[in-house]
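All heavy atoms count here, side chains included; hydrogens, waters and symmetry mates do not.
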Amino acid sequence: MTPAQAEKPVPGAPPKKLAVRALPYGLLLPATLVLVLVLGYPFGRLFVLSMQKFGLKQQFGAPPDWVGLDNYTGIFKDQQFWVVLARTIGFCATAVVLTMVLGMLVALLTRRVGRVLRMALIVSLLFAWAMPPLSATVVWQWLFDTRYGLVNWLLSQFGGDFHGHSWLSNPWSFFGVALIIVVWMGIPFVAFTLYAGLTQVPGEVLEAAELDGAGVWQRFRYVILPFLRPVILILTALSVLWDLRVFTQFYVLQKAGGIARDTNVLGVYAYRLAFGENKFDVGAAVAVVMLLITLLFTVFYLRQITRQEEL
């Protein structure tokens, strides 16, 4: 068979370019089907529930009434919802900034220390990363305990009057404790990923910048950051998604002494509406709004990442 004959298309076969273009979608199809099967029903049920009147009676078999967008209208008219939304966004923004800054500092430190210290630091980060959120929150709750907490004892040893001080009863100090826990649990992943990115920064480029008279800050700003920008964008997006959906830390701390009304974030707020006040329909509506906010942010950030790659 000659090369010309080999290149002739087989009758009835799809064009070669079309098959090549369809290949990535074919590879994504199995994972997409699994996601639709696993997540499709819960999301659909949540959306339907948010459009119904579903309370305690419906839990015992009473048929729900279809109310359309009334549940959404109700939460948008509720001042408490907007307070919780603003509180959630403020907490998320603060946590993401601190996580990214501290994660970058830890990654830079990991690169500069010696081999033994680097290994000790990596192992410590792995332990922090592997700890379940519930276990980590309980440990930090004990550290800030009113009567037996290590933090109160240490501050009292340095001359402060912290005997019997309650960190969780005040909303500001409550959010401070929650912020410590969330950031502490988020730093390892950010630090590991940024450290891996730092290993890909060409040493000769840093060396050339240093020979040209660039200081430490200038090398970081004009050499390291541009190389890490795609990684930083992805990490920031992931951190925002995780911190918007934070639940365990707040719920456990509220049970330990926090005032729920003054410390709720969206995830806990939806849960308390549904299972605390038996307003399953309103809780579902809050959860749907939370999901839409997450999706809108994801789409926006994916567009930013795509534009960055194009540049």
In the single-linkage hydrophobic clustering (I, L, V, M, F, W, Y; side-chain heavy atoms under 4.5 Å), do [X] and [Y] co-cluster?
X    : Y    : answer
W217 : M104 : yes
V252 : L150 : no
L228 : V205 : yes
L295 : I89  : no
L35  : F47  : no

Taking the side chain as every heavy atom from C-beta outward, state whether [X] and [Y] have any pair of such atoms under 4.5 Å apart.
X    : Y    : result
L109 : R118 : no
L253 : Q141 : yes
V268 : V265 : yes
M51  : N71  : no
F162 : L154 : no

key: Point-to-point distance, once rounded to the nearest 0.5 Å, from CG of L238 to OG1 of T298   = 9.0 Å
task = Please round to the nearest 0.5 Å and tell me the distance separating atom CG of L194 and atom OG1 of T110.
result =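 Output value for this atom pair is 10.0 Å.
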For a quick test of your reading: what N or O donor-acceptor pairs under 3.5 Å do the side chains of residues 239-247 make, sequence neighbours left out?
from: S239; atom 1: OG; to: L235; atom 2: O; distance (Å): 2.9
from: R245; atom 1: NE; to: L241; atom 2: O; distance (Å): 3.2

Counterpart residues, side chain to side chain contact (heavy atoms under 4.5 Å, CB included), relative to [X] (two or more places apart):
X    : value
T199 : Y195
L211 : none
S166 : T146, S169
P63  : none

query = Does any pair with a residue in residues 84-95 pass side chain to side chain donor-acceptor pair (under 3.5 Å), and if so which ones, sequence neighbours excluded?
reply =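 Residue pairs with at least one partner in residues 84-95: there are none.
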task = Determine which pairs satisfy side chain to side chain donor-acceptor pair (under 3.5 Å) with at least one residue from residues 256-265, sequence neighbours left out, and list them in order.
result =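 Pairs touching residues 256-265 that pass the test: Q80-R261, Q254-T263, Q254-N264.
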ask   = Which atom pair, heavy atoms only, marks the closest approach of F227 to V223?
value =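 Closest pair (atom of F227, atom of V223, distance): CD1-O, 3.0 Å.
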query = Which atom names give the shortest non-hydrogen contact between R111 and V201, and what distance separates them?
reply =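 That would be NH2-O, 4.2 Å.
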ask   = Could you give all pairs that pass the salt bridge (Lys or Arg N to Asp or Glu O under 4.0 Å) test and reach residues 44-65, with sequence neighbours left out?
value =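 Every candidate salt bridge (Lys or Arg N to Asp or Glu O under 4.0 Å) pair involving residues 44-65 fails, so no pair, neighbours aside, qualifies.
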message = I need the full list of salt bridge (Lys or Arg N to Asp or Glu O under 4.0 Å) pairs touching residues 66-83, with sequence neighbours left out, sorted by first then second residue.
response =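 Qualifying pairs, neighbours excluded: none.
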message = Under a 3.5 Å distance rule, please check whether R219 uses its side chain to pair with a backbone N or O of L206 as donor and acceptor.
response =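 Not at all, since once roles are kept as given, no pair shorter than 3.5 Å links the two residues.
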task = Check the pair M100 / I232 against side chain to side chain contact (heavy atoms under 4.5 Å, CB included), numbers first and verdict last.
result = CA-CA 8 Å; M100 294 301 300; I232 292 174; 4.0 Å; yes
Exercise answer: donor-acceptor pairs, residues 125-140 side-chain atoms, under 3.5 Å, sequence neighbours excluded:
from: T137; atom 1: OG1; to: P133; atom 2: O; distance (Å): 2.7

Atom pairs and distances, side-chain donor-acceptor, residues 172-192, under 3.5 Å, sequence neighbours left out:
from: S173; atom 1: OG; to: W167; atom 2: O; distance (Å): 2.4
from: S173; atom 1: OG; to: N170; atom 2: O; distance (Å): 3.1

Can you give the donor-acceptor pairs under 3.5 Å from side chains of residues 276-293 to other protein atoms, not counting sequence neighbours?
from: E277; atom 1: OE1; to: K279; atom 2: NZ; distance (Å): 3.4
from: D281; atom 1: OD2; to: F54; atom 2: N; distance (Å): 3.1

ask   = Counting only heavy atoms not in Y222, do more than 12 fall under 6.0 Å of its OH?
value = no
request  = Determine, using ring centers only, whether F250 and F91 are less than 6.0 Å apart.
outcome  = yes
